[in-house]
Amino acid sequence: QVQLVESGGGLVQAGGSLRLSCAASGGTFSRAVMGWFRQAPGKEREFVLARTWSGTTVDYADSVKGRFTASRDSAKNTVYLDMNSLKPEDTAVYYCAIMATNWGLRDHRVPASYFYWGQGTQVTVSS
């Protein structure tokens, strides 16, 4: 069955960078929609970005545009979230998610649209 295992979270100073990894197994993802969300204590889950496997379609939340990018390694079935110029307000648990369906069939900005989720990884940005 499909599993998503996240890694790469940690503590970083403001202005620094982190790379989060999400290793997928148990399925075929070449036509999947890949999404990243985050959730801070007491807050609802927030959309970060989403992209097709090929990268031809990408959507970024305004709060991360120009600072975060998504990529993938087909050979490893792994997606990455590269976070640059980190701010304290980026502090949250970050989740990767995969729809395993085509772009446009569901709203990629809504968590309920995604079929599979990683376990989450904590990112803490200090001032």
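Values below: all heavy atoms of this structure, side chains included; hydrogens, waters and symmetry mates excluded.
- The heavy-atom pair separating A14 from S127 by the smallest distance is CB-CA, 4.5 Å.
- Distance alone, capped at 3.5 Å, places no donor-acceptor pair between the T91 side chain and the E89 backbone.
- Sorted pairs that involve residues 114-126 and meet salt bridge (Lys or Arg N to Asp or Glu O under 4.0 Å), not counting sequence neighbours, are lacking altogether.
- Atom CD of Q119 has more than 12 heavy atoms from other residues, nucleotides or ligands within 6.0 Å.
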**OP:** Give the intermediate values and the outcome of side-chain contact (heavy atoms from CB on, under 4.5 Å) for residues Y95 and V48.
**Re:** CA-CA 10 Å; Y95 299 91; V48 176; over 6 Å; no
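- Contact check for N102 versus R31: side-chain heavy atoms found under the 4.5 Å cut-off.
- Residue pairs meeting the ring-ring contact (aromatic ring centres under 6.0 Å, His included) criterion with at least one member in residues 14-42, sequence neighbours excluded: F37-F47, F37-Y114, F37-W117.
- Put simply, the side chain of M99 reaches to within 4.5 Å of the side chain of H108, judged on heavy atoms.
- Relative to the six-membered ring of Y80, R72 misses at least one condition, a distance below 6.0 Å or an angle of at most 45° to the axis.
- Considering CZ of R51 and OH of Y60, their distance stands at 7.5 Å, rounded to 0.5 Å.
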Taking only distance into account, with no hydrogens and no angle test, what donor-acceptor pairs under 3.5 Å do side-chain atoms of residues 15-25 form with protein atoms, sequence neighbours excluded?
| residue | atom | partner | partner atom | Å |
| --- | --- | --- | --- | --- |
| S17 | OG | N84 | OD1 | 3.0 |
| R19 | NE | D82 | OD1 | 2.7 |
| R19 | NH2 | D82 | OD2 | 3.1 |

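- Annotation: side chain of L4 is in contact with side chain of I98 (closest heavy-atom distance under 4.5 Å).
- Linking Ile, Leu, Val, Met, Phe, Trp and Tyr residues whenever their side-chain heavy atoms come within less than 4.5 Å places W53 and L49 in a single cluster.
- Residue pairs that meet the salt bridge (Lys or Arg N to Asp or Glu O under 4.0 Å) test with at least one member in residues 108-120, sequence neighbours left out, are D59-R109.
- Listed by chain and number, the residues in a side-chain hydrogen bond (donor to acceptor under 3.5 Å, both in side chains) with S71 amount to none (sequence neighbours excluded).
- Residues P111 and E44 have side chains not in contact (no heavy-atom distance under 4.5 Å, counting atoms from C-beta outward).
- L81 places a side-chain heavy atom less than 4.5 Å from the side chain of Y94.
- Looking at every heavy atom in both residues, S54 comes nearest to T56 through OG-OG1, 3.1 Å.
- Remark: the backbone N or O of E6 is not paired with any side-chain donor or acceptor of T121 at under 3.5 angstrom.
- With T124 contributing its side chain and L11 its backbone, the two residues share no donor-acceptor pair below 3.5 Å.
- V93 and Y116 are assigned to two separate hydrophobic clusters, defined by single-linkage of ILVMFWY side chains at heavy-atom distances under 4.5 Å.
- When all heavy atoms of A50 and V33 are compared, the pair lying nearest together is CB-CG1, 4.5 Å.
- Listed by chain and residue number, R38, R67 satisfy the salt bridge (Lys or Arg N to Asp or Glu O under 4.0 Å) test with D90 (two or more places apart in sequence, or in another chain).
- In this structure, S63 OG and F68 CZ are separated by 7.5 Å, a value rounded to the nearest 0.5 Å.
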